[in-house]
Visitor: 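Would you mind keeping the following structure in view while I ask a few things?
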Protein chains: 2
Amino acid sequence: MTVQHRRPPTAQQFVLDELRRAITSGRLRPGAPIRQDVVAEEFGVSRVPLREALKTLQGEGLVTYRAHRGYYVEELSLDDLREVYRIRTLLEEEAVRRAAARVTAADLAALDRAEDEVERAAQAGDVLAMAAANRAFHMALYECAGMPRLVRLIRTLWDATDAYRSIYYGENVNRERVIGEHRAALAALRAGDADEAVRVLDVHRAHAVTALERLMPEPA
Amino acid sequence: MTVQHRRPPTAQQFVLDELRRAITSGRLRPGAPIRQDVVAEEFGVSRVPLREALKTLQGEGLVTYRAHRGYYVEELSLDDLREVYRIRTLLEEEAVRRAAARVTAADLAALDRAEDEVERAAQAGDVLAMAAANRAFHMALYECAGMPRLVRLIRTLWDATDAYRSIYYGENVNRERVIGEHRAALAALRAGDADEAVRVLDVHRAHAVTALERLMPEPA
DNA sequence: AAGTCTAGTATTGGATCCAATATCCGTGAT
DNA sequence: ATCACGGATATTGGATCCAATACTAGACTT
């Protein structure tokens with residue numbers, strides 16, 4: 001007996017996910033004020049969990065907040081996305097370098113398993129599962145750096161742009177490319193070649209940006 | 001007619017500041033659960049603004065959260081602080097480099113004024129004012145990079161460790177040193193020498209870490 | 001005696017209601 | 001006509017109350 005849309009355990013989680021989707025999909029227009037009454041009713045919750053979700057989004061930079069004025073949808077232009085990816089590059093390079101220096105055999109085995117998961121999802125053509133598995137793979141890799149706060153930051157940046165990524169995996173070509181790049185990164189890591197691992201993952205990331213630039217609606 | 005402690009415009013802001021202090025000062029011990037009832041009563045507010053403040057702190061990594069289990073004070077060991085400073089280094093280097101490439105005459109004039117403010121506070125021996133002015137100076141510098149999201153991230157990292165910094169300015173030597181370093185950074189920026197500006201500010205930051213290592217209570 | 005189920009309690013999650021603040025618009029003075 | 005002032009309204013901020021969940025302890029079974 002399968003549950004269709006397993007709703008998260010709390011309303012704030014549910015609203016958080018929905019809001020992210022609404023913002024990154026453009027349904028809530030950039031710059032527009034978020035009327036708590038309206039949105040709360042739309043999602044069928046009260047304003048309390050909504051406000052907690054908004055606080056989280058504020059931390060991620062998807063909304064801005066002014067006391068007694070409310071929350072506003074933050075602009076997420078192509079330039080902003082590029083900026084996010086630039087920041088990710090800075091942080092993830094550090095993570096990969098440290099990971100390369102510290103990675104253990106057990107870590108590598110776990111990464112192999114994570115990559116298997118990605119490929120299984122790709123084979124099945126399950127876009128959602130692949131996005132999730134891909135994320136798990138990358139985070140597992142970054143975790144090897146032994147810098148929990150760095151990983152937390154990276155994870156937040158991924159959260160802020162998650163909705164865009166799922167578009168990316170819709171295309172067959174990308175799915176194959178991703179797998180190749182993952183394998184190359186793993187090989188480099190296994191060989192202890194930090195520079196090569198960084199290089200591969202930079203390309204990996206850069207390609208995602210290019211794809212986004214192609215897919216994003218150019219600002220009017 | 002001076003207001004003693006101008007309480008922030010909202011209870012959540014007030015609680016946020018107080019909580020940060022309580023956590024970074026160690027009054028709320030690492031790993032300890034945060035009982036909302038207790039803390040709310042202690043600060044004289046209801047649980048609603050407290051929970052919003054906690055969400056913000058979650059974003060900053062000062063507390064962790066598990067649904068239906070509550071918030072817990074996050075460990076902030078010396079290692080964690082080092083990690084935060086390492087991340088700051090990565091992000092701020094990028095900001096300074098971009099700033100050096102884009103800084104205008106007007107920007108430089110504004111930075112001069114910001115630095116004047118710092119020196120005025122230092123002269124007056126007003127530690128709190130100096131911390132604030134110093135922060136304003138650095139942020140003004142980073143703003144020149146034209147990367148709002150990057151600046152936002154840096155600001156968040158500063159927020160998470162603000163309480164520690166005020167200790168730093170308590171010492172006379174540090175106040176003088178800071179001013180010298182600021183001036184050197186400004187000179188480098190004016191000369192368009194990005195590498196030098198980065199170098200100076202790296203030293204600047206590294207010294208703050210060293211001071212912290214001296215002052216921090218070593219974990220038992 | 002060990003483990004499991006169950007009732008009770010503590011704590012968080014969420015809804016509703018009221019208060020405080022900001023915005024908007026009309027009125028009046030200059 | 002323009003600006004300042006003031007009240008009405010919309011919206012956010014916060015307090016209280018109730019519901020849902022997780023923890024605890026004790027009784028019962030084996």
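Every chain is numbered from 1, with letters handed out A, B, ... down the list of sequences.
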Visitor: Across nucleotides 8-14 of chain D, 5' to 3', mark each nucleotide with B, S or - according to how protein heavy atoms within less than 4.0 Å reach it.
Guide: ---SBBB
Visitor: Within this structure, what is the CG-CD distance for the pair A:Leu57 and A:Glu52, rounded to the nearest 0.5 Å?
Guide: 12.5 Å
Visitor: Quick one: do the A:Trp158 and A:Glu92 side chains pair a donor with an acceptor below 3.5 Å?
Guide: yes
Visitor: Evaluate the ring planes of B:His138 and B:His182, with Trp represented by its six-membered ring, and classify them as parallel (under 30°), tilted (30 to 60°) or perpendicular (over 60°).
Guide: perpendicular
Visitor: Do any side-chain atoms of residues 39-48 of chain B form donor-acceptor pairs under 3.5 angstrom with protein atoms, and if so which ones, sequence neighbours left out?
Guide:
from	atom 1	to	atom 2	distance (Å)
B:Glu42	OE2	B:Arg27	NH2	2.5
B:Ser46	OG	B:Val48	N	3.3
B:Arg47	NE	B:Gln36	OE1	3.0
B:Arg47	NH2	B:Gln36	OE1	3.1

Visitor: Go ahead and write out DNA chain C as dot-bracket, 5' to 3': ( ) for pairs within the strand, [ ] for ones crossing earlier pairs, | when the partner sits on another strand, dots for unpaired; Watson-Crick or G-U wobble, both distances under 3.5 Å.
Guide: ||||||||||||||||||||||||||||||
Visitor: Tell me yes or no: between the side chains of A:Tyr65 and A:Lys55, is some donor less than 3.5 Å from an acceptor?
Guide: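 The criterion, which ignores hydrogens and geometry beyond distance, is not satisfied for A:Lys55 and A:Tyr65.
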Visitor: Taking the six-membered ring of B:Tyr85 as reference, does the cationic atom of B:Arg205 (NZ for Lys, CZ for Arg) lie under 6.0 Å from its centre and within 45° of its axis?
Guide: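 Verdict for B:Tyr85: no cation-pi partner in B:Arg205.
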Visitor: Are the charged groups of A:Glu117 and A:Arg120 less than 4.0 angstrom apart, N to O?
Guide: yes
